There are 2 protein chains.
Amino acid sequence: MGDAPLKRENEGDELGQKVKKQKGDPEDDPSGNGEECGEENILSGFKTTAVLKDSAREKTIFLHGKLDEQEAVVILQKTPITVVSVAEMFASSKLKLEMRNDIYSTYQLQPPAHLNVLKATVVCPATEKHVKKYQVQESFLVEETGEDYLSITLPYIQEKSFSLQWVFNILEKKAEADRIVYEDPDPDVGFVLLPDFKWDQKQTHDLYLIAIVHQRDLKSIRELTAAHLPLLQNICTKGKEAILKRYGLPASKLRVYFHYQPSYYHLHVHFTALASEAPGSGVERAHLLSDVIQNLRADGGFYRQRSLSFPLRADDGLLAKFQQAGRL
Amino acid sequence: MGDAPLKRENEGDELGQKVKKQKGDPEDDPSGNGEECGEENILSGFKTTAVLKDSAREKTIFLHGKLDEQEAVVILQKTPITVVSVAEMFASSKLKLEMRNDIYSTYQLQPPAHLNVLKATVVCPATEKHVKKYQVQESFLVEETGEDYLSITLPYIQEKSFSLQWVFNILEKKAEADRIVYEDPDPDVGFVLLPDFKWDQKQTHDLYLIAIVHQRDLKSIRELTAAHLPLLQNICTKGKEAILKRYGLPASKLRVYFHYQPSYYHLHVHFTALASEAPGSGVERAHLLSDVIQNLRADGGFYRQRSLSFPLRADDGLLAKFQQAGRL
């Protein structure tokens, strides 16, 4: 039995916050039924059993609980403050002085509800895996040799057979087709580029897109050889072009990288705004596409032979495998 | 005339957010006049002239503008989501479906205004200094070839002749001698290990130490060759041993890396806790010591020949040099 799909880079911090559109925006309500009309508040029945994670810095909270007798994970995130909304916010909020000292003062500001929405992400039914995925965990840095990959990591990935159905849905346009920003349909060097859920697409300083390759036999950078250079170069060139064209952001404003370990084993590339501290862009997990290309040009076996360091959470089954093999 | 005081480390991340208390909480309103009564909304007259900084991740925005004809800086921050408020929030919010794919769905959640306040910080009158302090600088990713280093970067470093006196003071025990955690005095492979100023040494989850090499002719990783492998291996082994002994933190809990560009041109290595998202540990600036060692073992000329990517701020003199050379 395969596990329920573990999706995208969602464990982190900024999960695609959407900002409430202005009232009266016609695209808000394609049904024409009126703004919130007919939308049942399914979350009113959610019973929290545990806080999985709680980030005061990012104003997010990850909850485990029950929704209609089913296990569920609910992620709440406050949305970014947009400059276009501040004038209305200042004009229509209630203000309460908290502290005054010299030229400094602080207030509590209570905007009207429609100017201040949150994003809620619901995973239901959620498996034990989802719950673990969102739970704060200690991490350990593992140094995986090329042999470790073949003897420990690859068998683990194969044994778990993580579902990639949601990826195939995207590649086959069975889901999220309207979110695709760019596609090169070539089966060898082609890819689909679409916004990551972590990005609300409201502003480019936290831009986050994912390029998912059409080739289905590439699990991660570990499997890349010089034969994949045309694919990588194509993603690099056309991905940047598409982002410049659509969002006006030039290559010098982008951080383009792989994760290793990735959170799902179908090759994909992250395009994030250099201006944002994107979660997962740390040196212990990210590999710049430009470095991967250079390394493979110099040595086609680079990613098969080198030791690669990455963090694994205490509850990660792969960490247990490394421990059993005496590699930690 | 002195400037108005520049206050605290307020530009950062979590600036003491206060969460709105529940209605009916008596300490809410010591005046007894009713909740927001009598509190004039001074921010309704604020006119924004510029966005100084805008963090989608942290849900904060820093604005420059005018308040009653005076220069002012206003900082708006959304407040953390508290677990005690979520039950009421779920029960009383409006919900709107945004997306559904398999077991995943996302919603826009609109809580009642009183459950969702912001914090506003006002600096008024603000000087030019305040404005600059809060202003974010744009960064650009530069791809420096080996030739660029010799023709652009190295001449720039030499021309600026940044003072390294403070580094020599440490190496010679003329300053900070009491802060040294470990020293290997060997002139070729030796180094001094001491806590970075960013770390308060109160807890190990944000541990941050720096190893400064005794050799004085190494500016950065660009100058490393296979001849430096004994030095690098020595720092790797003895640095980790010293941290385990002094702080109880094993190597699997550490992120050990160089910066390129470094902030000073005397070779040094960063040891940070894996658990902390240390600033500067992003893939665009950090180079794992273990990768540097592997790369030099495979190719002694690796760091002289490869293109290295790094961000430069708009006001960095080196960026101007790259622009003049038509390399951006």
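Just so we're clear, the structure is a prediction, and the values are computed from it rather than from any experiment.
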Can you tell which part of [X] gets under 4.5 Å to a heavy atom of chain A, answering side chain, backbone, both or neither?
X       : answer
V73(B)  : neither
H287(B) : backbone
A91(B)  : backbone
I42(B)  : both
V123(B) : both
D299(B) : neither
V142(B) : neither
R306(B) : both
S290(B) : side chain
T48(B)  : side chain

Closest non-hydrogen atom pair, [X] against [Y]:
X       : Y       : value
A56(B)  : D206(A) : CB-OD2, 3.0 Å
D291(A) : S307(B) : OD1-O, 4.2 Å
N116(A) : P111(B) : O-CD, 3.8 Å

Inter-residue atom distance [X].[atom1] - [Y].[atom2], 0.5 Å rounding:
X       : Y       : atom1 : atom2 : result
H114(A) : Q108(B) : NE2   : CD    : 11.5 Å
Q294(B) : Q305(A) : CD    : CD    : 10.5 Å
D54(A)  : T82(B)  : CG    : OG1   : 8.5 Å
L118(B) : L109(A) : CG    : CG    : 5.5 Å
L288(A) : F310(B) : CG    : CZ    : 12.5 Å
L43(B)  : M89(A)  : CG    : CE    : 11.5 Å

May I ask you to check whether E176(A) and N101(B) show a side-chain donor-acceptor distance below 3.5 Å?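 A donor-acceptor contact under 3.5 Å links the two side chains.
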
Among [options], which residue has the highest count of heavy-atom pairs closer than 4.5 Å to chain B?
options                           : answer
V83(A), V51(A), L76(A)            : L76(A)
G45(A), P250(A), G282(A)          : G282(A)
A126(A), A298(A), A87(A), S139(A) : S139(A)

Which residue out of [options] racks up the most heavy-atom pairs below 4.5 Å with chain A?
options                            : answer
A278(B), P279(B), A251(B), S105(B) : S105(B)
V74(B), N295(B), L308(B)           : N295(B)
S92(B), S252(B), S44(B)            : S252(B)

Kindly indicate whether the side chain of V117(B), heavy atoms from C-beta on, has any atom under 4.5 Å from the side chain of K94(A).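 No, their side chains stay 4.5 Å or more apart.
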
Answer whether the closest heavy-atom distance between the side chains of R285(B) and V283(A) falls below 4.5 Å.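 Contact flag for R285(B)/V283(A) side chains = no.
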
Please determine if K119(B) forms a cation-pi arrangement with Y107(A), meaning its NZ or CZ atom is less than 6.0 Å from the six-membered ring centre and no more than 45° off the ring axis.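 Ring-cation test returns no.
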
Using modelled atom types and a 3.5 Å cut-off, is there a donor and acceptor pairing between side-chain atoms of [X] and backbone atoms of [Y]?
X       : Y       : answer
E284(A) : L274(B) : no
K59(B)  : I81(A)  : no
N41(B)  : S93(A)  : yes

Examine whether an atom of V122(A) lies under 4.5 Å from a heavy atom of chain B, and if so say whether it belongs to the side chain, the backbone or both; otherwise answer neither.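 Both backbone and side chain.
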
